[in-house]
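We count residues from 1, following the sequence as given. Since the structure is predicted, the reported quantities are computational estimates derived from the model, not experimental observations.
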Amino acid sequence: MSATSGLPQDGGPLRCREPATGTVQLDNEHVKVTRWDFNPGAETGWHRHGWLYVVVPVTDGTLLLELPGGQTMTAELKAGLSYSRDAGTEHNVVNAGTAPLSFVETELKSLPG
């Protein structure tokens, strides 16, 4: 980063939050399974899901979802209580809690958007 501008000199993205850690556990022709681990305040970065996906929370926690157009919403996660979202979902996911948060995301490649 430049000491004067605060912008990356390499043209990379300017990040204000710590990135969450995504660890791919399985990736084949049918599914992609990723474990996401967030420190408090960490984010995934903006992304769009290309496939329908299922999330299984490993821990309880609160997510801040930043949505297109500047909208936001929060979601309460309970360990073991799964939910799904359709392909095409676009957002940035942030751990809005004070404790680390983890979930496992399974993308179903046979159901493209």
Side-chain angles (χ1 to χ4, degrees):
M1 282 204 181
S2 165
T4 56
S5 72
L7 298 175
Q9 291 182 8
D10 64 0
L14 180 62
R15 295 190 76 109
C16 297
R17 297 181 181 119
E18 173 185 356
T21 301
T23 304
V24 176
Q25 297 180 336
L26 175 66
D27 191 359
N28 62 34
E29 66 275 14
H30 302 291
V31 298
K32 181 177 181 182
V33 179
T34 306
R35 178 182 168 122
W36 286 97
D37 294 293
F38 297 73
N39 284 327
E43 69 177 357
T44 58
W46 279 93
H47 60 282
R48 181 187 311 257
H49 288 268
W51 302 291
L52 180 142
Y53 64 100
V54 176
V55 171
V56 181
V58 175
T59 61
D60 292 350
T62 302
L63 296 179
L64 169 67
L65 303 170
E66 296 177 334
L67 306 170
Q71 299 171 334
T72 62
M73 63 182 287
T74 58
E76 294 296 324
L77 299 185
K78 296 293 180 195
L81 294 180
S82 305
Y83 64 89
S84 69
R85 296 287 180 265
D86 291 332
T89 299
E90 182 178 2
H91 55 204
N92 181 30
V93 179
V94 182
N95 178 358
T98 59
L101 179 148
S102 299
F103 59 78
V104 175
E105 173 184 273
T106 301
E107 297 174 287
L108 304 176
K109 294 180 179 182
S110 63
L111 299 171

Specify the closest pair of heavy atoms between Asn95 and Phe38, including all atoms of both residues, with the distance to one decimal. ND2-O, 3.5 Å

Asp27 side-chain N/O to Lys32 backbone N/O, donor-acceptor pair under 3.5 Å: no

Is it true that the side chains of Thr62 and Glu76 contain a donor and an acceptor less than 3.5 Å apart? yes

Ignoring hydrogens and angles, tell me if any N or O in the side chain of Ser110 forms a donor-acceptor pair with the backbone of His30 under 3.5 Å. no

Hey, any chance Leu65 and Tyr53 share a hydrophobic cluster, counting ILVMFWY side chains that come within less than 4.5 Å of each other, even indirectly? yes

Could you pull out the closest heavy-atom pair between Gly61 and Leu101, with the gap in Å? CA-CD1, 3.6 Å

Can you tell me how far NE2 of His49 sits from CD of Glu105, rounded to the nearest 0.5 angstrom? 4.5 Å

Looking only at heavy atoms, what is the nearest atom pair of Val33 and Thr106, with distance? CG2-OG1, 3.7 Å

Is any side-chain heavy atom of Asp60 closer than 4.5 Å to one of Leu77? no

Applying the side chain to side chain contact (heavy atoms under 4.5 Å, CB included) criterion to Phe103, which one of Val55, Asp37, Val56 satisfies it? Val55

Return the minimal non-hydrogen interatomic distance between Ala20 and Ala42, and the atom names on each side. N-CB, 4.0 Å

Excluding sequence neighbours, so at least two apart, what forms side chain to side chain donor-acceptor pair (under 3.5 Å) with Thr34? none

Applying the 4.5 Å side-chain criterion to the ILVMFWY set and letting contacts propagate, would Val94 and Trp46 be lumped into a single cluster? no

Without swapping roles, check the side chain of His47 against the backbone of Gly45 for a donor-acceptor pair under 3.5 Å. yes

Of the non-hydrogen atoms in Pro40 and Gly97, which two are nearest, and what is the gap between them? CB-O, 3.4 Å

Suppose the criterion is side chain to side chain donor-acceptor pair (under 3.5 Å): which pairs have a residue in residues 78-90, not counting sequence neighbours? Arg48-Glu90

Among Ile, Leu, Val, Met, Phe, Trp and Tyr joined by side-chain contacts under 4.5 Å, find the other residues sharing a cluster with Val24 and list them by chain and number. none

Check the hydrophobic clustering (I, L, V, M, F, W, Y; side-chain heavy atoms under 4.5 Å; chains of links allowed) and say if Met73 and Leu64 are grouped together. no

For the atom pair CG (Leu63) and CG (Asn92), what is the distance rounded to the nearest 0.5 Å? 10.5 Å

Do Val31 and Trp36 land in one hydrophobic cluster if side-chain heavy atoms of ILVMFWY residues count as linked below 4.5 Å? no

Main-chain N/O of Trp51 paired to Lys109 side chain as donor or acceptor, under 3.5 Å: no

